[in-house]
Amino acid sequence: MPRFSNESSLIVSMNPKSSIAESYRLLRTKIQFSFKDQESRTVMVTSSQGGEGKTTTISNLAIAYAQEGKKVLLIDADLRKPSLHRIFPQLNHQGLSSLLTGHCSIQDAVQPTDFEHLDLLPSGPVPGNPSELIDSAAMHQLLQQLKQQYDVLLVDTPAVLAASDAVIVGSICDGVIMVAAPGKVRKEHLKKAREQLEHVHARMLGVVMNRVV
């Protein structure tokens, strides 16, 4: 049995017959339908502001893809407050930031998880210049290289209104999912975040309403 630091957040694995788990599988299906003519895809999951559940959403979506047999890489591109290495307990001494600065190889940075078909690329050490690293030729080249190795790349980022990183990543991904928590998110914030993504021609796939009772 895999041991997780936050078991309750990975409900697709812990309670696969629940209605919430089924909702993640439905989300997976809808994304697949959006990319029916593409063999590989890169999807960013973000939110307008922090604390809306984007990391929980992307983690469960990754497991749902892996359970289907897809080869999945979950990328922590939140170089400011990374958290995926805690959800899937892994070391974070090297990862995306290490790759982008040429301090390690893909083979060294990518780590298998306890889930078959699912690998994790943690953020690596928090750099002093996250936006510059994300908006680099090395980032573009890395995503293209990884797309050759995986069926699905899922990219976690900071919230759109918290930093420019999500807008940059959204412009180079195939699609963007926005997570919104009713009662927490303000309509104008959600609208502003969407406008920023559309300004860089990011392809909006939809909005996931999180924490709906």
Side-chain angles (χ1 to χ4, degrees), residues 24-25 27-47 54-79 82-85 87-88 95-100 105-107 109-113 115 117-124 130-131 133-160 163-179 193-194 196-208:
Y24 284 114
R25 288 190 287 271
L27 175 61
R28 177 194 65 195
T29 299
K30 290 186 174 181
I31 294 173
Q32 289 172 330
F33 184 78
S34 300
F35 293 112
K36 60 182 180 181
D37 296 327
Q38 281 183 243
E39 292 185 356
S40 62
R41 65 217 62 172
T42 304
V43 177
M44 181 182 85
V45 177
T46 189
S47 58
K54 63 180 177 55
T55 301
T56 298
T57 298
I58 198 171
S59 298
N60 281 283
L61 181 61
I63 295 172
Y65 266 114
Q67 288 176 338
E68 194 186 39
K70 293 285 192 294
K71 190 176 181 183
V72 184
L73 179 63
L74 185 54
I75 301 173
D76 196 342
D78 188 340
L79 302 184
S83 57
L84 285 175
H85 65 283
I87 293 179
F88 300 88
L96 180 58
S97 62
S98 314
L99 274 172
L100 297 178
S105 66
I106 291 176
Q107 291 71 25
V110 172
Q111 303 174 32
T113 70
F115 298 95
H117 307 303
L118 175 57
D119 290 343
L120 172 68
L121 174 56
S123 68
S131 295
L133 283 182
I134 292 294
D135 192 18
S136 65
M139 182 68 177
H140 287 248
Q141 294 166 2
L142 177 62
L143 288 184
Q144 291 304 315
Q145 188 173 352
L146 291 171
K147 285 177 74 172
Q148 304 303 314
Q149 302 177 25
Y150 290 89
D151 298 315
V152 183
L153 304 181
L154 294 173
V155 187
D156 191 19
T157 70
V160 175
S164 61
D165 307 16
V167 175
I168 297 167
V169 174
S171 70
I172 56 177
C173 286
D174 299 316
V176 174
I177 295 291
M178 184 83 77
V179 177
R194 178 169 182 163
Q196 290 190 12
L197 290 166
E198 290 178 341
H199 182 72
V200 297
H201 306 293
R203 181 185 177 190
M204 294 297 300
L205 299 178
V207 176
V208 172

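Taking OG1 from T113 and CG from L84, the interatomic distance works out to 11.0 Å, rounded to the nearest 0.5 Å. One distance of note links CD of Q67 with CD1 of I63; it measures 7.0 Å at 0.5 Å rounding. One distance of note links CG of L154 with CZ of R41; it measures 10.0 Å at 0.5 Å rounding. A distance of 5.0 Å separates CG of L197 from CE of M178, quoted to the nearest 0.5 Å. The structure places CG of N60 at 4.5 Å from OH of Y24, a figure rounded to the nearest 0.5 Å. Rounding to the nearest 0.5 Å places CD1 of I58 at 5.5 Å from CG of L74.
By the 4.5 Å heavy-atom criterion applied to side chains, I106 and L99 are counted as neighbours. Between S123 and D78, the closest side-chain pair of non-hydrogen atoms is not below 4.5 Å. Residues F115 and V72 form no side-chain contact, since every pair of their non-hydrogen atoms from C-beta on lies 4.5 Å or further apart. A heavy-atom distance below 4.5 Å is not found between the side chains of L73 and Q149. You'll find the side chain of Y65 stays beyond 4.5 Å of the side chain of H117, heavy atoms only. The shortest distance between side-chain heavy atoms of I75 and L143 falls below 4.5 Å. You'll find the side chain of I31 reaches within 4.5 Å of the side chain of L61, heavy atoms only. Side-chain atoms of S34 and R203, non-hydrogen and from C-beta on, do get closer than 4.5 Å to each other.
For residues 54-65, the salt bridge (charged side-chain N to carboxylate O under 4.0 Å, His left out) pairs, not counting sequence neighbours, are K54-D156.
Closest approach of L142 and L100 over heavy atoms only: CD2-CD2, 4.1 Å.
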